Amino acid sequence: MSAAPVISSGSNQFLSLSRKFHRCSAFRGRAGSLDFSLAPVTSSEGESGRKPERPRGRRRKIRRNRAAAVSVAEPALSSNSRHQAVTARSSGASSRRFFRGIEGLKSNERLHRLVREGELDDGLRLLEGMYRRGEIPDIIPCTSLIRGFCKLGETRKAGRVLRIIEESGASPDVITYNVMISGFCKLGETDNALRVLDRMSVAPDVVTYNTIFQSLCERGKLERAMEVLDGMLQRGCLPDVFTYTILIEATCKESGVGQAMKLLDEMRSKGCKPDVVTYNVLINGMCKEGRVDEAIRFLSYMPTYGCNPNVISHNIVLRSMCSTGRWMDAEKLLEDMVQKRCSPSVVTFNILINFLCRKGLLGRAISVLEKMPEYGCTPNSLSYNPLLHGFCKEKKMKRAIEYLEIMVSRGCYPDIVTYNTLLTALCKDGKVEVAVEMLHQLGSKGCSPVLITYNTVIDGLSKVGKTETALELLEEMVVKRLRPDIITYSSIVAGLSREGKIEEAIRIFHELKNLSVRANAITYNAIILGLCKLRQTDRAIDFFAYMVSRGCMPTESTYTTLIEGLAYEGMAKEALDLLNELSSRGVVKKNSMQNVVVSI
DNA sequence: ATAGGGTTAG
């Protein structure tokens, strides 16, 4: 960015500005249709892999019991090594081989102990030694070792353990393989999981396959999953309800409910009976496609398929009714549920409360919340938070605090979202100091601030000219290992711009590249606004050009800011011309610029 | 293997 020449009014300058604009190629079409490929502008926080972990208690218990049974009956000898010791003796083998067997027994005992104590790396080291000496390891501690390493994300070490088992002459069983495969899958290494599947020395079971299907489908690789299904059928392994349900869900997402229904037929024809989850997945698919009425009909047919809908079936439909504004239907469905003795859950009520709050019907939301105990449901933070948010939005802080106290008095403790909501309201209310104070007291209330918490307060500070303090909070969050994102930096850049500290704003802006944070239109707009306010419209236009060259799509406020900048510098006619041109291209709505036009 | 996931920047 070169130093900006001082611009005086005059149409010559405007011509050159205008040419600059045209060179930016943003005018070749509407704002929404730049003719070169644009990287996504929105921040890609997306999902953070936070599916609640399913309790696997039952299966684990069985496994543990089996391990326990072995070690109780034969404290030092597992089936594997006992077999070896016996053959070594009975075949009259050399004493060296016999002793190696004895050493192996001792090593396995130590391996068991290390794994039990969680000393995984020591366990692996011992295992390597055993492998070198030709001792045969027990697969049970080895399987635990694989599971442990996978939990730590160290799939490489887990894979090494599996290799050692395979090459040492011990035979891994299907459980060992399943642990390895599920480890790879959980960490997103589906290709590695498939490689293990291919080289398995024992037949994979339905659990093996389901783990892989789950992982493939989560990553949108339905086609690959269907190929694996073919392989499964060829090997004579029978799919179960889980298998089909996973595949049906993915099919709903990728090819629509129509396709998914065909899979349902296939499932039935193979003698596999769909259960309530299978049907719920389909109902969800219908709702997502906007076919709510079809979903309602399906719900009522379910009993004739030999399967009664459950709370979740109803909740899916309920949510869909609410979001399409069919409030009366939703209330009726709730009545139906109660009548059919399908008790509503907290989720049922939270769906209703959420949508009432969004519509601003806080009174009705409260009456729903207060009725929950009659149905045996206790409101949780997801019940109270939308209500607090509603009060805050209406600037009824008193009522918000009142309800905060009510929730606490009922034993429902505020969570980080509750606090974030309150912090937002405090900042908007000009009580930023209070917000900072509250932020720092969160820890003592057993609730740690998250990225959004800091973003909220940093933005609040930046808005009232306290970017100094905002920058301190930025430091603080980094120390707490929270990674600032584009929202954090946009707030700070905007704050600096507003204060006229444009050079510092630009410096931080350029730092973003090193931090691998991608600037978006909001960040650019903040700088452009700062430059315009300093009457450096020329630099602002340079920056606009830079924005486009970096593949960031300008927004309406990018343009309005620039038009205002021109007007502000006294180039009234130019501003008007540009406004006319942009509005004729549909990039800027004229009525959104009424004040500017009037001021000119 | 299915439902609620709410709160932050122009």
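Lettering follows sequence order; numbering is per chain, from 1. It should be emphasised that the depicted structure is a prediction, and the values quoted were computed from it without experimental measurement.
Nearest nucleotide to the A:S345 side chain, out of B:dG6, B:dT8, B:dA3: B:dA3. Among the nucleotides B:dT8, B:dG10, B:dT2, the one closest to the side chain of A:I487 is B:dT8. Looking at the side chain of A:T424, the nearest of the listed nucleotides B:dG10, B:dT7, B:dA1 is B:dT7. The side chain of A:I312 lies closest to B:dA3, out of B:dA9, B:dT7, B:dA3. Nearest nucleotide to the A:S490 side chain, out of B:dT8, B:dA9, B:dG6: B:dA9.
Residues forming a ring-ring contact (aromatic ring centres under 6.0 Å, His included) with A:Y524 (at least two apart in sequence, or on another chain): A:F509, A:F543. In terms of the side-chain contact (heavy atoms from CB on, under 4.5 Å) criterion, residue partners of A:C307 (sequence neighbours excluded) are, by chain and number, A:V276, A:Y279, A:M302. Residues passing the side-chain contact (heavy atoms from CB on, under 4.5 Å) test with A:K288, sequence neighbours excluded: A:N284, A:R319. Evaluation of the side-chain contact (heavy atoms from CB on, under 4.5 Å) rule for A:I312 yields A:N280, A:N310, A:I316 as partners, not counting sequence neighbours.
Taking a 4.0 Å limit (strictly below) on heavy-atom distances, residues 277-287 of chain A reaches DNA chain B at A:V277, A:N280, A:V281.
Residue-level contact check: A:N354 touches the backbone only, with heavy atoms under 4.0 Å from sugar-phosphate atoms and none from bases. Residue contacts for A:S381: at a heavy-atom cut-off of 4.0 Å it reaches a base atom on one of the strands shown. At the heavy-atom level, A:T561 lies nowhere under 4.0 Å from the strands shown. In this structure, A:L382 reaches the bases: a heavy-atom distance under 4.0 Å links it to at least one base atom across the strands shown.
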Give the table of side-chain donor-acceptor pairs shorter than 3.5 Å for residues 381-392 of chain A, with sequence neighbours excluded, one pair per line with atom names and distance.
unit_1 : atom_1 : unit_2 : atom_2 : d
A:S381 : OG     : A:D415 : OD2    : 2.9
A:S383 : OG     : A:N350 : OD1    : 2.6
A:S383 : OG     : A:N380 : N      : 2.9
A:S383 : OG     : A:N380 : O      : 3.2
A:S383 : OG     : A:N380 : OD1    : 3.1
A:Y384 : OH     : A:R410 : NH1    : 2.8
A:N385 : OD1    : A:T418 : OG1    : 2.8
A:N385 : ND2    : A:S381 : O      : 3.3
A:N385 : ND2    : A:D415 : OD1    : 3.2

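Just one residue in the list A:K270, A:R268, A:K262 forms a salt bridge (charged side-chain N to carboxylate O under 4.0 Å, His left out) with A:E266, and that residue is A:K270.
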